[in-house]
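Contents: one structure, followed by commentary.
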Amino acid sequence: MMELKRIFLLTVLVALLCSAAVAQEYFPPSEDKTIVAILFVPEPDTASLPDLLELRVGDKFSSEALRNSIRNIFQLGLFEDVKVSWSEIGNDISLKFELQEKPVIEGVTISGFGPVSKQKIIATAQLESDSRYDETREQRIITELSRVYREEGYYSASINIYNMVNLETGGIRLEINIDPGEPTLLDEVRLYG
């Protein structure tokens with residue numbers, strides 16, 4: 001009988017701990033909590049990151065200020081993801097911002113570029129080494145390079161971008177393959193009217 005009570009109490013305790021963890025996951029802390037600590041994991045390279053927060057140690061927690069802070073961090077263009085967790089201790093709260101940086105472009109290889117110089121391709125695509133990479137950028141690069149090739153008279157240029165992840169550093173190496181195709185030539189001009 002005593003053993004059954006222990007198992008029951010242990011089950012209730014585990015259920016309460018699980019529900020507390022779930023509550024933190026889905027519900028923001030109450031607005032009357034005082035912020036006593038703000039942590040960044042990993043520690044960011046940019047010292048100005050805390051200045052982007054609309055929350056400070058000593059302030060009362062605000063859901064709106066938290067949303068604005070996350071938006072400000074994303075607008076830097078350095079991070080793929082920002083997760084915020086918190087720990088409540090009485091009327092105090094500690095915030096932890098978990099940051100996932102965008103990978104760095106470690107190098108660019110361009111092949112088959114034809115009539116357009118490598119320098120113009122790199123400038124058009126804005127692909128300096130050590131800049132940040134995101135997948136949406138690939139389509140913008142293809143669109144811009146297609147425009148450049150059309151201006152040179154190559155309307156059927158084919159542009160493909162491949163990215164390779166360096167498993168040691170987490171950086172990205174881009175390979176841009178361009179087949180300019182044949183130039184479009186003016187065959188005949190007819191004047192009417």
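Keep in mind the model is a prediction, meaning the values are calculated, not measured. These values consider heavy atoms only, across backbone and side chains, with no hydrogens, waters or symmetry-generated copies.
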Indicate yes or no: at least one non-hydrogen side-chain atom of [X] is less than 4.5 angstrom from one of [Y].
X: R137; Y: I105; value: yes
X: S94; Y: I89; value: no
X: L49; Y: F97; value: no
X: Y149; Y: I121; value: yes
X: P183; Y: E152; value: no
X: I142; Y: I159; value: yes
X: L53; Y: I73; value: yes

Would [X] and [Y] show up in the same hydrophobic cluster when neighbours are defined by side-chain heavy atoms closer than 4.5 Å?
X: V82; Y: L76; result: yes
X: I38; Y: F74; result: yes
X: I176; Y: V165; result: yes
X: Y155; Y: V148; result: no
X: V57; Y: F40; result: yes

Backbone of [Y] reached by a side-chain donor or acceptor of [X] within 3.5 Å:
X: N163; Y: I172; value: no
X: K60; Y: D32; value: yes
X: R67; Y: S62; value: no

Closest contact, heavy atoms only, [X] versus [Y]:
X: I161; Y: E138; answer: CD1-O, 3.7 Å
X: W86; Y: V84; answer: CZ3-O, 3.9 Å
X: P180; Y: Y154; answer: O-CD2, 3.4 Å

To the nearest 0.5 Å, tell me how far [X] [atom1] sits from [Y] [atom2].
X: E31; Y: E64; atom1: CD; atom2: CD; answer: 9.0 Å
X: S69; Y: R56; atom1: OG; atom2: CZ; answer: 7.5 Å
X: L174; Y: I122; atom1: CG; atom2: CD1; answer: 10.5 Å
X: F79; Y: Q100; atom1: CZ; atom2: CD; answer: 10.5 Å
X: I70; Y: L55; atom1: CD1; atom2: CG; answer: 9.0 Å
X: L39; Y: E98; atom1: CG; atom2: CD; answer: 10.5 Å

Would you tell me whether E182 and S156 have side-chain atoms, one donor and one acceptor, within less than 3.5 Å of each other?
no
Whether the S111 and N177 side chains hold a donor-acceptor pair (N or O, under 3.5 Å, no angle test) is what I'd like checked.
yes
If you count heavy atoms of other groups shown closer than 6.0 angstrom to CD of Q75, is the number above 12?
yes
Among R173, E175, K118, side chain to side chain donor-acceptor pair (under 3.5 Å) partner for T109:
R173
Between R140 and E144, is there a salt bridge with N-O shorter than 4.0 Å?
no
